[in-house]
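All values below were derived from every heavy atom in this structure, side-chain atoms included, with hydrogens, water molecules and symmetry-related copies excluded. No experiment lies behind these values; they were computed from the predicted model shown. Each chain gets a letter, A, B and so on, in the order its sequence line appears, and its residues count up from 1.
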Amino acid sequence: MLTTAPRGTRDILPEEAAQWQYVESNIRQCCLLYGYGEIRPPLFEHTELFLRSVGETTDIVEKEMYTFRDRGGRNITLRPEATASTVRAYLEHNLYAGPQPVKMYYLGPMFRYDRPQAGRYRQFSQFGIEAIGTQDPTMDAEVISVALDFYCRLGLTGLEVQLNSIGCPKCRQDYRQALLNYLSQHRGQLCRTCLSRLDRNPLRVLDCKEEGCQAITADAPRMLTYLCSECDEHFKAVQECLQSIEAHYVINPALVRGLDYYTKTVFEIVWPGLGAQAAICGGGRYDGLIEECGGPSTPAVGFAMGLDRVLLAIQKAGAAVPAAKTPLAYVVALSAADNQEAFRILTRLRRADIISDKDYRQTSLRAQLKAADRSRARYAVLVGGIERTQGMVAVRNMTTGEQHEIPLDQLITFLQEGR
RNA sequence: GUGAAUGUAGCUCAGUUGGUUAGAGCACCAGAUUGUGGCUCUGGGGGUCGCGGGUUCGAAUCCCGUCAUUCACCCCA
């Protein structure tokens, strides 16, 4: 226990962290380009916020939340997603009073008590964006476009955008009733979990993978034919926007999504190489959520993207990640008596912004050079011997093996010119 | 939450029907080379066989529990 991270958590060690930093820097560039400002909400919130926003009957709320009472007796939950926090912050800081829409992004860990497997963790990282304050279909298209541009920057290809509209509360209610009537007639052929879905959330029967259920839902009424004129027009406009920017998508009428707050546009982006956990990004419009949380009626749209899965995908796809920066110089002490002088020179190099290192083991010249080689430093700087008495160091080019003495006071200039 | 598979050195894996001191390759450290890395050779360190219990004269091997990982279901990111 003492030497094992809790189930579903893991350490990201320096080698992998470099890949994360690369991905994160692309996120920040992308958001800058599209005009999204960063929001850093707390990692935990009042439990009530998630109950209200995510929905009481969702899997997240029913079985996946890390909930506890703090020492002051407050009911607290580690955030399972960040849209709720973003909306809360929008209201808490009266952002609706400023220019609309408010476009924000977030980046960081989320927590869900779920059974871990490849691409699924109890602490996982999401990048998400939210555009609050407009129902313009170009906003929906922009949100999808941000995700696609981001994948493009990473060199990730072979993604599929699945798109659907689940309407507004008005037309969805009509559809829900029609679907319920239809499914009730075929009650006997539904699987056990779908039977329980019937009263709670019949739309979810649509994406059941059981063969029997699929046979029935194949002929079920379609949401898209029940959309009211406003929702229908909006959905068509979103599609036209996507087509106009050559963003490819497929319509998946079975796409429902597991959170209660979605309205109109919903989408998922899938990278098939990830197997069972192939959904790499999911999002949609949530025109009712802000009001539900006690604010003015305000439309909004956003997505959340699983970065652990993005990392898995670029690793599996072999997408290029820039090579880690290696030291320019590796300082070597010829004898133990030169160790302190080597350290002094090393410090001067670092103060001159030269990436550099040394061996800290007080070991043989041979071992130090081996370490220099392994650090993939461009030069080894050898300190000691007669050179030291002459105010010189030996600089060895680790690629060519060439070596020559240069005066200590010219070392920094030499290294700066050499890079 | 349900079902299944797996767990031996830092990594990848051997380990016979239960039988003496549990092995290999790679990696690591040192020497060959007393002021010079990569290649080669030689040597060395490193294991509570995931953990706990049971069966047995004897368990890495068989049984039970537990923890972890992976896969499927569920769900999503």
Side-chain angles (χ1 to χ4, degrees), chain A residues 1-10 13 54 57-64 79-83 107-128 147 191-194 196-197 201 204 207-210 255-259 262 266-271 274-283 302-313 330 332-335 338 359 361 363-388 393-403 405:
Chain A
M1 287 305 246
L2 210 54
T3 55
T4 312
R7 180 160 213 207
T9 70
R10 69 210 170 108
L13 299 176
V54 175
T57 64
T58 58
D59 279 12
I60 290 179
V61 166
E62 280 187 345
K63 50 187 197 191
E64 295 175 3
R79 63 181 189 187
E81 56 105 53
T83 299
L107 178 59
M110 308 293 159
F111 306 86
R112 291 185 201 173
Y113 189 89
D114 204 347
R115 186 95 173 244
Q117 65 187 65
R120 192 165 76 187
Y121 308 94
R122 288 182 174 176
Q123 178 181 328
F124 59 100
S125 204
Q126 279 189 344
F127 154 47
C191 73
R192 197 171 295 170
T193 39
C194 281
S196 69
R197 283 171 177 144
N201 195 346
R204 287 229 241 143
D207 58 4
C208 181
K209 280 100 191 167
E210 291 285 328
L255 184 62
V256 172
R257 313 224 9 98
L259 287 70
Y262 286 111
V266 292
F267 67 94
E268 269 181 21
I269 301 177
V270 171
W271 196 73
L274 291 178
Q277 309 301 332
I280 207 171
C281 178
F303 71 63
M305 185 187 296
L307 293 184
D308 306 81
R309 291 180 189 177
V310 169
L311 265 290
L312 281 176
Y330 197 95
V332 166
L334 287 174
S335 75
D338 302 308
D359 198 310
R361 299 174 300 175
T363 186
S364 67
L365 172 62
R366 174 192 162 81
Q368 291 181 73
L369 275 166
K370 198 171 173 178
D373 191 47
R374 199 161 21 201
S375 80
R376 299 178 56 214
R378 184 95 58 88
Y379 297 101
V381 175
L382 291 84
V383 177
I386 38 171
E387 293 93 330
R388 184 176 172 188
V393 287
V395 177
R396 180 177 180 82
N397 183 317
M398 294 301 283
T399 315
T400 63
E402 284 177 272
Q403 181 173 323
E405 286 81 47

Let me know the distance between [atom1] of [X] and [atom2] of [N], rounded to the nearest Å.
X	N	atom1	atom2	value
A:Glu268	B:C76	CD	C1'	7 Å
A:Gln117	B:A68	CD	P	15 Å
A:Asp359	B:C28	CG	P	14 Å
A:Leu274	B:A72	CG	P	11 Å
A:Tyr121	B:A68	OH	C1'	14 Å
A:Gln403	B:G38	CD	P	15 Å
A:Arg374	B:G37	CZ	C1'	10 Å
A:Arg120	B:C71	CZ	P	10 Å

For a quick check, tell me whether the side chain of [X] and the base of [N] share a donor-acceptor pair closer than 3.5 Å.
X	N	value
A:Arg361	B:C29	no
A:Gln368	B:G35	no
A:Arg366	B:G35	no

If you check every side-chain atom of [X], which of [options] has the closest atom?
X	options	value
A:Met398	B:G35, B:C76, B:G37	B:G37
A:Arg112	B:A77, B:G37, B:C74	B:A77
A:Gln277	B:A30, B:A77, B:C76	B:C76
A:Lys63	B:G37, B:C74, B:G35	B:C74
A:Thr363	B:A30, B:G1, B:A77	B:A30
A:Leu365	B:G37, B:U36, B:C76	B:U36
A:Pro116	B:U69, B:G35, B:A77	B:U69
A:Arg396	B:G1, B:G35, B:G38	B:G38
A:Ala118	B:C71, B:C29, B:U36	B:C71

Assign [X] to base, sugar-phosphate, or nothing according to its heavy-atom contacts below 4.0 angstrom with the strands shown.
X	result
A:Glu62	nothing
A:Gly401	base
A:Gly128	nothing
A:Ala367	sugar-phosphate
A:Ala304	sugar-phosphate
A:Thr399	base

Could you say whether A:Thr400 or A:Gly282 is positioned toward the 5' end of RNA chain B, judged by the nucleotide with the nearest heavy atom to each?
-> A:Thr400
RNA chain B nearest-nucleotide lookup for A:Ile269 and A:Gly8: closer to the 5′ end is A:Gly8
Using the [atom1] atom as the point on both nucleotides, what is the distance between [M] and [N], in whole Å?
N	M	atom1	value
B:G65	B:U6	P	15 Å
B:A9	B:U48	P	9 Å
B:C64	B:U70	P	24 Å
B:C13	B:U8	P	9 Å
B:U2	B:G58	P	37 Å
B:A24	B:G46	P	14 Å
B:C71	B:C57	C1'	41 Å
B:C49	B:G10	P	12 Å

Residues A:Glu268 and A:Arg257 bridged, charged N to O under 4.0 Å | yes
Does the side-chain contact (heavy atoms from CB on, under 4.5 Å) test come out yes or no for A:Tyr330 and A:Val381, once each step is laid out?
-> CA-CA 6 Å; A:Tyr330 197 95; A:Val381 175; over 6 Å; no
Is any side-chain heavy atom of [X] closer than 4.5 Å to a side-chain heavy atom of [Y]?
X	Y	result
A:Glu81	A:Val54	yes
A:Trp271	A:Cys281	no
A:Asp359	A:Val332	no
A:Arg361	A:Gln368	no
A:Leu365	A:Leu382	yes
A:Ile280	A:Val310	yes

RNA chain B base-pair string [pairs: Watson-Crick or G-U under 3.5 Å; |: paired with another strand] = (((((((..((((.....[...)))).(((((.......))))).....(((((..]....))))))))))))....
Tabulate protein N/O versus nucleotide N/O from nucleotides 4-12 of chain B, keeping only pairs under 3.5 Å, one per line.
none

Looking only at heavy atoms, which two atoms of A:Arg396 and A:Gly401 are closest? And how far apart?
-> NH1-O, 3.5 Å
Under the side-chain contact (heavy atoms from CB on, under 4.5 Å) criterion, do A:Asp308 and A:Arg10 qualify, and how do the steps go?
-> CA-CA 11 Å; A:Asp308 306 81; A:Arg10 69 210 170 108; 2.6 Å; yes
Counting only N and O atoms by type, is there a donor-acceptor contact under 3.5 Å from the side chain of A:Arg112 to the main-chain atoms of A:Pro80?
-> yes
Please identify each residue that fulfils side chain to side chain contact (heavy atoms under 4.5 Å, CB included) with A:Pro116, with sequence neighbours left out.
-> A:Arg7, A:Arg122
When A:Lys63 is tested against each of A:Val61, A:Asp59, A:Ile60 for side-chain contact (heavy atoms from CB on, under 4.5 Å), which residue passes?
-> A:Asp59
